Novice: 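This is the structure I want to talk about, given as structure tokens.
These numbers were taken from a predicted model, which means no experiment stands behind them.
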Amino acid sequence: MRAVVQRSLGEPDVLEVVDTPRPKPRTNEVLVRVKAASVNPTDWKHRENGGFLGEPPFVLGWDLSGVVEEVGIGVARFRPGDEVFGMLSYPFGHGAHADYVAAPASWFAPKPESLDHVQAAALPLVSLTAWQALVEYADVQPGQRVLVHAAAGGVGHVAVQIAKARGAYVIGTASAAKHDFLRELGADEVVDYRDRDVEEIAHDVDAVLDTLGGDTSTRSLHTLRPGGIVVSLLPVGSGDFYREADELGVRAVRMLVDSSRHELLSITDLVEQGALRATIAEVFGLDQAAEAHRRGETGRTTGKLVLTTD
């Protein structure tokens, strides 16, 4: 089978498509023939600096959509031929940028019937991230005010839709050129982060989703009402984030996304209700992985980048 392998850290050119042995599913695992797989910011960050994975060689990619090819001993949930989507365990379950993946059946759910494989592959990592941030940690309720940073990005544009589906009033930050896109997704208010500091505009916010890091998390604390929460997707950072939250009487959380079949089923419900779709920025073949990374690193894409194996 083909896989996008890198043997060293560096620029996109370190990625190469090579032939590797096809994996065999172990007990409670399924072998999935990958039809499409997402490319996310975490991919190019790991490609460049190793991140959680350390030194190569490795195959990147965490979320995918495909067809069950074979089931391991003990798998009762799926049969060969079933269409599935899911996210390999983050960060050490990587390897979706390949023709086949063997992984625990519990990491997958039936592919939403209304989506093709490209659309389905674009959802798991970003939708699970947004769901866990807004539902599990922030417990967003109808009528609450939610601020989403980088709202036109992969996680951001899905978070806007999930927050709206929860009945929230949504404020999104993005460059002015992306404001119409966010309004189409349902954002109630949009802010050009290059024009004014968001804490000067957003007030009495119940929940903030910070996808940016740096000092954004700490500054966002000042947009909150008492008891509000900032959920940062950057798992490490300054301790000032927690100290300042305590002083202000608000909550601060740093998180990493987890694989969850149960939450994938909740996401599927939103998809089938017409409340959630991933916007596809561009689709590349598996042998164009380096170009997909280069495109993503421009920071100018709206929505998701996807690789296909056909």
Side-chain angles (χ1 to χ4, degrees), residues 1-6 15 17 20 22-25 29-44 46-47 53 58-72 75 77-78 80-131 154-155 158 257-261 263-265 267-268 271 276-278 280-289 292-293 296 303-310:
M1 72 167 196
R2 298 171 303 159
V4 181
V5 175
Q6 66 177 93
L15 300 174
V17 177
T20 62
R22 194 172 87 171
K24 290 285 292 182
E29 288 189 339
V30 290
L31 177 69
V32 178
R33 176 161 49 90
V34 178
K35 302 293 286 184
S38 273
V39 180
N40 297 287
T42 189
D43 289 297
W44 53 79
H46 278 87
R47 184 211 74 229
L53 306 183
F58 46 68
V59 177
L60 295 170
W62 279 270
D63 49 356
L64 64 118
S65 181
V67 180
V68 174
E69 185 85 2
E70 185 180 345
V71 299
V75 175
R77 182 171 293 125
F78 299 116
D82 288 345
E83 294 186 316
V84 296
F85 80 137
M87 188 190 82
L88 308 180
S89 181
Y90 189 84
F92 301 114
H94 56 95
H97 295 168
D99 284 324
Y100 291 89
V101 163
S106 59
W107 294 353
F108 296 96
K111 179 182 72 67
E113 293 183 3
S114 63
L115 301 184
D116 62 26
H117 285 292
V118 168
Q119 293 168 322
L123 273 175
L125 188 147
V126 293
S127 59
L128 286 172
T129 300
W131 181 275
V155 173
V158 169
V257 64
D258 289 325
S259 298
S260 170
R261 177 178 179 273
E263 289 171 344
L264 281 174
L265 294 175
I267 288 158
T268 296
V271 169
L276 178 62
R277 285 290 190 278
I280 307 301
E282 199 162 353
V283 179
F284 300 84
L286 197 66
D287 59 354
Q288 298 174 301
H293 278 234
K304 293 298 302 293
L305 300 168
V306 178
L307 301 178
T308 59
T309 59
D310 292 337

Novice: Flag the pair R261 / W107 as yes when at least one side-chain heavy-atom distance between them is below 4.5 Å, and no otherwise.
Specialist: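 No, every pair of side-chain atoms sits at 4.5 Å or beyond.
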Novice: Taking the six-membered ring for Trp, are H97 and W62 ring centroids under 6.0 Å apart?
Specialist: no
Novice: Return the minimal non-hydrogen interatomic distance between A103 and F108, and the atom names on each side.
Specialist: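 Shortest heavy-atom separation between A103 and F108 comes out as CB-CE1, 3.8 Å.
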Novice: Is it the case that the side chain of D99 and the backbone of R2 share a donor-acceptor pair, with hydrogens and angles ignored and the cut-off at 3.5 Å?
Specialist: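 The answer is yes, because a donor-acceptor pair under 3.5 Å joins these two groups.
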Novice: Ignoring hydrogens and angles, tell me if any N or O in the side chain of R47 forms a donor-acceptor pair with the backbone of T42 under 3.5 Å.
Specialist: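 Answer holds: no.
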Novice: Is there a donor-acceptor contact under 3.5 Å from the side chain of T308 to the main chain of A36?
Specialist: no
Novice: Is there a side-chain contact between E83 and H117 (heavy atoms, below 4.5 Å)?
Specialist: yes
Novice: Before giving the answer on side-chain contact (heavy atoms from CB on, under 4.5 Å), spell out for N40 and V126 the whole-Å C-alpha distance, their side-chain angles and the decisive distance to 0.1 Å.
Specialist: CA-CA 9 Å; N40 297 287; V126 293; 3.9 Å; yes
Novice: Write down the atom of P112, the atom of T268, and the distance for their closest heavy-atom approach.
Specialist: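 Looking at all heavy atoms of both residues, the shortest contact is CG-OG1, 3.7 Å.
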Novice: Between I267 and L128, is a side-chain contact (heavy atoms from CB on, under 4.5 Å) present by the stated rule, with each step listed?
Specialist: CA-CA 8 Å; I267 288 158; L128 286 172; 3.8 Å; yes
Novice: Let's go through V84 and V32 carefully: what are the C-alpha distance in whole Å and the side-chain angles of both, what is the deciding distance for side-chain contact (heavy atoms from CB on, under 4.5 Å) to 0.1 Å, and is it a yes or a no?
Specialist: CA-CA 8 Å; V84 296; V32 178; 4.1 Å; yes
Novice: As an exercise, state the distance from CG of L64 to CG of L307, rounded to the nearest 0.5 Å.
Specialist: 11.5 Å
Novice: Under a 4.5 Å cut-off applied to non-hydrogen side-chain atoms, are V4 and L286 in contact?
Specialist: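 A side-chain contact under 4.5 Å exists here.
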Novice: Tell me whether the guanidinium CZ or amine NZ of R33 lies under 6.0 angstrom from the six-membered ring centre of Y100 and within 45° of its axis.
Specialist: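 Because its charged atom misses either the 6.0 Å distance or the 45° angle limit, R33 does not stack over Y100.
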Novice: Taking all atoms of both residues into account, what is the closest heavy-atom pair of G61 and L88, and its distance?
Specialist: O-CD1, 4.0 Å
Novice: Kindly compute the distance separating NZ (K24) from CD (E70), expressed to the nearest 0.5 Å.
Specialist: 4.0 Å
Novice: Is it the case that K111 and S65 place a side-chain donor and acceptor less than 3.5 Å from each other?
Specialist: no
Novice: Atom CE of M1 and atom CG of L31: how far apart are they, to the nearest 0.5 Å?
Specialist: 8.5 Å
Novice: Ignoring hydrogens, what is the shortest heavy-atom contact between V101 and V34? Give both atom names and the distance.
Specialist: CG2-CG2, 3.9 Å
Novice: Tell me whether E263 contacts the main-chain N or O of S260 through its side chain, where contact means a donor paired with an acceptor under 3.5 Å.
Specialist: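 No, because the side chain of E263 does not come within donor-acceptor range (under 3.5 Å) of the backbone of S260.
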Novice: Do F85 and L264 come close enough that some side-chain heavy atom pair is under 4.5 Å?
Specialist: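 F85 vs L264: side chains touch.
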Novice: Less than 4.5 Å apart, side chain to side chain, heavy atoms only: is that true for S38 and D63?
Specialist: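 Yes, their side chains come closer than 4.5 Å.
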Novice: Determine whether S127 and V155 make a side-chain contact, defined as any pair of heavy atoms from C-beta on separated by less than 4.5 Å.
Specialist: no
Novice: Is any side-chain heavy atom of Q119 less than 4.5 Å from a side-chain heavy atom of V271?
Specialist: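 Not touching, per the 4.5 Å side-chain cut-off.
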Novice: Which pair of heavy atoms, one from A120 and one from P124, lies closest together, and at what distance?
Specialist: O-CD, 3.0 Å
Novice: Donor-acceptor check, side chain of D43 to backbone of L60, threshold 3.5 angstrom: yes or no?
Specialist: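 Side chain of D43 to backbone of L60: no pair is present.
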Novice: For the residue pair L115 and R277, establish whether any side-chain heavy-atom pair is separated by less than 4.5 Å.
Specialist: yes
Novice: Begin with the C-alpha distance, continue with both residues' side-chain angles, and end with the deciding distance and a verdict on side-chain contact (heavy atoms from CB on, under 4.5 Å) for F284 and L305.
Specialist: CA-CA 8 Å; F284 300 84; L305 300 168; 3.9 Å; yes
Novice: Should the pair K35-D310 be classified as a salt bridge under the 4.0 Å nitrogen-to-oxygen rule?
Specialist: yes
Novice: Of the non-hydrogen atoms in E29 and A102, which two are nearest, and what is the gap between them?
Specialist: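 Closest heavy-atom pair between E29 and A102: OE1-CB, 4.0 Å.
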